[in-house]
2 protein chains.
Amino acid sequence: MKRKVRIKDIADKAGVSTGTVDRVLHKRGNVSEAVRKRVLEVVEELGYERNLLASALAYNRIIPIVAVLPDPTKDPYWEQLNKGVEHGLKVVKHYGMSVSFYYFDYSEPKSFERVAEEALATQPAGMLFPPMFAQEANKVIRVCDEGGTPYVFINTNFATGTPLSYIGQDSMQSGVLGARLLDFGLSPGQTACILSLDYSTKAAQHLKDKEQGFRSYFEEIGNKEVQIIRHNFEAFDDDQQLADFLNDLLRQHPSLSGFFITNSRAHKAIDALSQIGATQVKLVGFDLIDKNINYLRANKIDFLINQNPMEQGFQGIVSLFKHLILKEKVKPVQYLPLDIVVKENTDYYLKREPAFQLVG
Amino acid sequence: MKRKVRIKDIADKAGVSTGTVDRVLHKRGNVSEAVRKRVLEVVEELGYERNLLASALAYNRIIPIVAVLPDPTKDPYWEQLNKGVEHGLKVVKHYGMSVSFYYFDYSEPKSFERVAEEALATQPAGMLFPPMFAQEANKVIRVCDEGGTPYVFINTNFATGTPLSYIGQDSMQSGVLGARLLDFGLSPGQTACILSLDYSTKAAQHLKDKEQGFRSYFEEIGNKEVQIIRHNFEAFDDDQQLADFLNDLLRQHPSLSGFFITNSRAHKAIDALSQIGATQVKLVGFDLIDKNINYLRANKIDFLINQNPMEQGFQGIVSLFKHLILKEKVKPVQYLPLDIVVKENTDYYLKREPAFQLVG
DNA sequence: AATAATTCCGTGTGCGCACACAGTTTTATG
DNA sequence: CATAAAACTGTGTGCGCACACGGAATTATT
């Protein structure tokens with residue numbers, strides 16, 4: 001095990017001082033071209049790798065990051081994501097990164113804008129946020145771009161801006177996956193329903209992508225034996241209305257035996273289906289939130305697709321860390337695994353700590 | 001953002017020197033009880049957390065670890081696991097851990113013993129290995145225990161010894177999971193077959209556990225509508241024999257329409273089934289090796305259960321790191337998620353870097 | 001040619017900690 | 001009571017690096 005190469009070793013071999021090597025490595029200038037070349041040669045020759053520990057220790061200043069997220073106390077999904085960010089903080093704080101949290105009300109576009117501006121006013125070195133609302137996101141992006149502040153999109157992608165990275169799911173592909181899972185459990189001649197339990201006004205792009213993906217699966221396999229219908233229902237918070245709606249739907253389509261719920265409200269559909277006694281339908285939904293998990297355990301939901309919110313939060317911080325501290329390139333799009341969760345492997349995903357920690 | 005508290009801060013507040021605080025924190029003794037208590041009080045009061053970076057930097061010595069693994073060039077599964085270990089190394093090397101690799105021929109128990117002894121002769125501070133062969137593993141464990149060398153079991157668990165940790169899958173649960181997946185695709189009245197393509201002499205405990213898990217699923221749901229049969233076939237390397245065997249089997253059981261292959265040889269079953277024209281059976285297998293993935297992509301395998309070999313290797317190193325450097329407690333059993341892989345989410349698991357790195 | 005302005009380069013200090021060593025106080029021993 | 005032994009405590013150095021500062025060599029300006 002040969003000893004690690006230090007800056008001192010390079011300096012000696014190149015016949016200069018450590019200060020000069022430092023200037024070369026950090027591109028601080030004030031080094032003659034001849035010396036610069038010589039130093040880089042030696043660096044190459046000895047295979048120098050900087051000692052991150054010593055480097056971070058000596059650097060000794062704080063790089064402030066802001067995370068602008070939906071209030072985690074209002075929503076279990078965002079609570080998970082928030083937890084991932086917190087874990088990321090635990091890891092990178094050793095390297096002098098600080099993370100400040102700013103929460104907005106996720107049913108209030110204006111609150112996002114307000115909170116984001118507040119966050120940016122602190123002059124952070126980087127920012128993490130989900131660009132959920134087009135108009136407001138645009139404004140925030142513009143401020144970032146003007147100030148040269150790097151930003152990472154999390155959970156939701158957005159066509160505008162040049163984020164350091166997008167971290168989240170591949171919505172289209174998650175639709176394809178949902179189709180595959182439902183298809184496996186359906187027999188020829190049966191009908192599957194794509195059910196969107198959301199406000200159609202809010203109908204975000206990623207929901208459309210999921211539907212598109214779902215359909216494309218069946219188109220690709222050319223399976224005409226399964227018929228697909230699609231419905232949107234806005235009054236999902238009214239149990240009785242939803243039950244009535246589904247009851248009608250099942251009556252109209254006697255062969256309807258599978259549902260694909262495109263967001264995390266699968267539990268609402270189950271509530272309604274139980275009420276009207278339709279217990280034999282297959283159901284694929286999203287997200288490991290408590291209510292869904294209970295129904296998964298009770299064999300009422302067949303599959304949940306996990307969007308890994310915790311991992312998203314964690315990787316978001318890590319990406320900023322890689323960019324700001326390690327000065328590594330960060331992949332512009334980072335799709336996280338679409339985990340397939342059934343009753344029998346739920347615990348692994350629930351208990352999984354973002355136990356992974358860091359130092360590149 | 002208040003500044004980090006340092007040893008110096010504690011020393012000042014407690015009215016002692018940094019050396020004394022150091023002695024207390026490292027339990028080196030030679031500190032009067034009164035002073036010790038006072039220091040610990042202040043530590044508590046200020047919420048001191050040691051600076052890992054500075055700590056590792058000052059520690060400045062190398063902790064040698066050995067990894068004794070099956071030759072990764074001979075088997076894609078072990079290649080993946082090996083890769084995980086290598087990634088772990090990349091991460092912990094900053095903290096002064098070195099990892100030396102020792103490879104054995106995994107069809108040769110004696111070669112394991114020989115290589116393990118060779119590794120132990122270097123007096124490592126820790127060891128990582130899969131206790132695949134009972135007798136030989138026992139000997140190695142004894143040597144470790146006598147020398148006080150901590151060891152981590154990886155991939156395979158073993159009743160003897162007191163490993164720092166076991167890292168791998170929950171075999172029983174993976175069987176339950178396999179049953180769930182197959183069941184979802186089977187109709188009432190159909191038959192499922194547990195197929196072991198392995199040498200019965202080698203029949204390891206974890207294969208039995210998988211079978212047990214598979215059966216217990218159907219027992220628990222009290223579903224008598226699916227019949228279960230079980231077969232072992234040793235001549236799996238002879239394509240023709242396997243095809244004949246399966247042909248007979250399908251003739252004997254006309255309702256047979258699902259297979260659960262308990263190891264990574266699902267592709268062999270598909271080879272044979274294709275040959276005899278049985279293309280409509282559902283199939284659940286294990287492990288993301290190339291041949292299996294190809295069949296998954298070709299819609300011939302429905303589900304693969306991923307045992308996360310790469311993550312196993314990575315976590316193995318991390319566990320030793322936590323124990324030896326961070327001096328944290330390590331969980332004695334660390335089951336990794338049983339990932340359900342279908343054609344549509346294969347890439348995520350294949351391309352996934354063990355991108356998670358570390359510093360507690 | 002003398003001075004000023006640049007360009008280039010080496011030295012020194014500190015980041016927070018681990019550990020060796022020397023120094024001081026207390027207790028044991030004759 | 002003197003001395004030896006043991007118990008306790010403070011100081012100093014180095015880990016590898018980042019960066020400030022000042023000095024030397026070179027070039028520009030009068």
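Chain letters run A, B, ... following the sequence lines, proteins first, then strands; residues in each count from 1.
- For Ile7(A) and dG10(C), the CD1 to P distance is 14 Å, given to the nearest whole Å.
- The side chain to side chain donor-acceptor pair (under 3.5 Å) search around Glu79(B) returns none, not counting sequence neighbours.
- Using a distance-only test at 3.5 Å, with no hydrogens or angles considered, no donor-acceptor pair links the side chain of Gln312(B) to the main chain of Ile154(B).
- The distance from atom CG of Asn308(A) to atom OH of Tyr335(A), rounded to the nearest 0.5 Å, is 15.0 Å.
- Minimum heavy-atom separation, Tyr77(B) to Asn155(B): OH-OD1, 2.6 Å.
- In the helix from dA1(C)-dT30(D) to dG30(C)-dC1(D), the terminal helix axes, each the rotation mapping four pairs' C1' atoms onto the next four within five end pairs, subtend 50°, rounded to 10°.
- Of all nucleotides in DNA chain D having an atom under 4.0 Å from a heavy atom of chain B, the first and last in 5' to 3' order are dC8(D) to dG16(D).
- Looking at residues two or more places apart in sequence or on another chain, you find a salt bridge (charged side-chain N to carboxylate O under 4.0 Å, His left out) between Glu33(B) and Arg36(B).
- In this structure, Arg114(A) has no salt bridge (charged side-chain N to carboxylate O under 4.0 Å, His left out) partners at least two apart in sequence or on a different chain.
- Within the nucleic acid shown, Asn60(B) comes within 4.0 Å of sugar-phosphate atoms alone, with no base atom in reach, counting heavy atoms only.
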Checklist outcome for this item: Heavy-atom contacts, protein to nucleotides 20-27 of chain C, under 4.0 Å, summarised as B (base), S (sugar-phosphate only) or - (none) per nt, yield --------

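- Evaluation of the salt bridge (charged side-chain N to carboxylate O under 4.0 Å, His left out) rule for Arg50(A) yields no partner, not counting sequence neighbours.
- Scanning for side chain to side chain donor-acceptor pair (under 3.5 Å) contacts around Asn138(A) gives an empty result, with sequence neighbours left out.
- The stretch residues 28-42 of chain B touches DNA chain D through Asn30(B), Val31(B), Ser32(B), Val35(B), each having a heavy atom within less than 4.0 Å of the strand.
- Glu41(A) meets the salt bridge (charged side-chain N to carboxylate O under 4.0 Å, His left out) test with Arg38(A); sequence neighbours excluded.
- DNA chain D is contacted by both Lys8(A) and Thr18(B); Thr18(B) maps to the nucleotide lying nearer its 5′ end (nearest heavy atom per residue).
- Sequence neighbours left out, the pairs with a member in residues 59-73 of chain A that pass salt bridge (Lys or Arg N to Asp or Glu O under 4.0 Å) are Asp71(A)-Lys74(A).
- Within the structure, salt bridge (Lys or Arg N to Asp or Glu O under 4.0 Å) contacts touching residues 139-150 of chain B (residues at least two apart or in different chains) are Glu113(B)-Lys139(B).
- Residue Asp22(A) is classed as a base contact, given a heavy-atom separation below 4.0 Å to a base.
- Atom NZ of Lys93(B) is surrounded by more than 12 heavy atoms from other residues, nucleotides or ligands within 6.0 Å.
- Judged by distance alone, with hydrogens and angles left aside, the side-chain atoms of His87(B) form no donor-acceptor pair with the main-chain N or O of Lys83(B) at under 3.5 Å.
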